[in-house]
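Working notes, beginning with the structure itself.
All chains are named by letter (A, B, ...) in the order of the sequence lines, taking the proteins before the strands, and each is independently numbered beginning at 1.
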There are 2 protein chains.
Amino acid sequence: MYDGALQSLIDELGRLPGVGPKSAQRIAFHVLSRPREEVVMLSAALIAVKDHVRFCDQCGNISEEDLCSICRDPRRDQSLICVVEEAKDVGAIERTRSYRGLYHVLGGAIDPINGIGPDQLRVRELLHRLGDEAVQEIIIATDPNIEGEATATYLTRTIATIGIPVTRLASGLPVGGDLEYADEVTLGRAFEGRRRIDQDD
Amino acid sequence: MYDGALQSLIDELGRLPGVGPKSAQRIAFHVLSRPREEVVMLSAALIAVKDHVRFCDQCGNISEEDLCSICRDPRRDQSLICVVEEAKDVGAIERTRSYRGLYHVLGGAIDPINGIGPDQLRVRELLHRLGDEAVQEIIIATDPNIEGEATATYLTRTIATIGIPVTRLASGLPVGGDLEYADEVTLGRAFEGRRRIDQDD
């Protein structure tokens with residue numbers, strides 16, 4: 001619809017996740033209205049991510065060095081490994097500020113329909129890390145869906161043979177949600193996982 | 001939350017219109033997962049827009065040459081000028097494929113509260129174009145809001161002294177909408193602008 005360069009930019013932006021044709025156009029016109037320096041910064045930031053960001057040799061989290069900032073941090077609790085599907089899950093858990101251990105990024109979840117089994121994930125690397133005597137608990141934080149549950153079950157069975165305790169994040173009612181709107185599986189999980197209220201608290 | 005380059009990209013993306021922190025993160029991880037060549041194309045497209053796209057000397061539409069593709073096109077009806085606020089309005093009207101005349105982009109609307117009067121818009125350039133005897137109708141397509149209406153009124157009075165017919169896009173019920181949900185101003189306009197149904201049609 002537009003001339004050369006503007007339409008090319010709209011097309012490129014439209015390939016990004018969550019950016020539809022209207023948003024792509026809006027962003028392109030915004031770019032057109034901003035100072036060149038500002039656009040150069042965005043343009044350079046895109047390339048920098050490809051050139052500088054890679055994956056941590058130990059945990060598979062994103063990193064700019066051999067080991068990510070979490071694996072390098074001596075204040076992190078080396079006895080805990082939290083297993084997640086994707087590097088962005090690490091970010092989500094870090095934002096809670098309630099976990100101080102290490103991570104292991106699988107790179108996905110077991111999904112036989114799409115041909116993803118344990119060999120396509122970083123499971124071998126995880127088992128290798130468990131050889132370290134420091135590890136005392138594996139916290140499985142895969143997504144609470146079919147693939148995530150299958151992955152959790154597989155890992156629990158595999159790690160059981162090594163003798164390290166495995167835990168799974170609690171399923172239940174989302175905080176701030178309405179009980180009547182919870183789906184039946186979540187509500188069922190909330191019942192199964194109910195905890196005694198300690199009357200001394 | 002993330003290391004250097006990834007967080008920089010998330011920050012830069014977050015400055016774009018309609019891109020919140022979650023979308024910025026999602027896009028950044030997407031960029032990380034794509035081949036470098038693909039990211040280079042987006043990066044280059046951003047710079048190309050700043051370096052190659054400018055504004056048409058005649059109508060103010062976006063262009064990569066002195067005159068935009070519409071002003072250069074001899075098949076466009078040179079007797080009609082459609083006045084719009086922004087270049088993106090040209091795109092919206094072009095997509096309807098129901099207008100074959102020329103445009104004039106004002107670069108905004110009269111908005112005294114924000115200090116925007118006729119001198120801050122491309123009004124003088126419009127009046128200059130009206131000196132050309134070819135122009136037989138000015139179609140005012142400013143936005144149907146307070147600023148757009150004020151601009152339409154100002155232009156209508158100014159152009160009336162030159163003696164060229166001025167029209168305004170119809171206000172009324174949106175096609176596909178529900179009458180009961182139309183706001184009262186729109187419904188009032190739809191009554192004012194009612195047209196006789198030609199029984200020969």
- Give a yes or no on this: more than 12 heavy atoms of other residues, nucleotides or ligands lie within 6.0 Å of atom CZ of A/Arg122.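 Above 12, so yes.
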- Message: Checking side chain to side chain contact (heavy atoms under 4.5 Å, CB included) between B/Ile47 and each of A/Val31, A/Leu42, A/Val40, which is the one that passes?
- Response: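 Exactly one pass, corresponding to A/Val40.
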- Item | For the student: nearest non-hydrogen atoms of A/Ser43 and B/Ser43, plus distance |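 Residues A/Ser43 and B/Ser43, closest heavy atoms: OG-OG, 2.5 Å.
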- Determine the minimum heavy-atom distance between A/Gly18 and B/Arg26, stating which atoms define it.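 Answer, listing the atom of A/Gly18 first, then B/Arg26: CA-NH1, 3.9 Å.
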- Task: Tell me, please, which residues at least two apart from A/Arg76 pass salt bridge (Lys or Arg N to Asp or Glu O under 4.0 Å).
- Result: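 Result, salt bridge (Lys or Arg N to Asp or Glu O under 4.0 Å) vs A/Arg76: A/Glu94.
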Of all the residues in [range], which have a heavy atom that comes within less than 4.5 Å of a heavy atom in chain B?
range                       : result
residues 159-175 of chain A : none
residues 51-66 of chain A   : A/Asp51, A/His52, A/Val53, A/Ile62, A/Ser63, A/Glu64
residues 138-151 of chain A : none

- Message: How long is the straight-line distance from CZ of A/Arg34 back to CZ of B/Arg15, given to the nearest 0.5 Å?
- Response: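 So the gap between those two atoms works out to 9.5 Å.
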- Task: Rounded to the nearest 0.5 Å, what's the gap from CD1 on A/Ile27 to CG on B/Leu13? Could you check?
- Result: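 Here the interatomic distance stands at 8.5 Å.
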- Query: How far apart are the C-alpha atoms of A/Val39 and B/Val49, what are their side-chain angles, what is the distance that settles it, and do they pass the side-chain contact (heavy atoms from CB on, under 4.5 Å) test?
  - Reply: CA-CA 9 Å; A/Val39 180; B/Val49 157; over 6 Å; no
- Message: Quick check for you: among B/Lys50, B/Lys88, B/His30, which has the greatest number of heavy-atom pairs under 4.5 Å with chain A?
- Response: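 So the answer, after comparing B/Lys50, B/Lys88, B/His30, is B/Lys50.
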- Is it the backbone or the side chain of B/Val19 that comes under 4.5 Å from a heavy atom of chain A, or both, or neither?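 The side chain, not the backbone.
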- Message: If I measure from the heavy atoms of chain A, does B/Ser23 come under 4.5 Å with its side chain, its backbone, both, or neither?
- Response: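 Answer is neither: B/Ser23 stays 4.5 Å or more from chain A.
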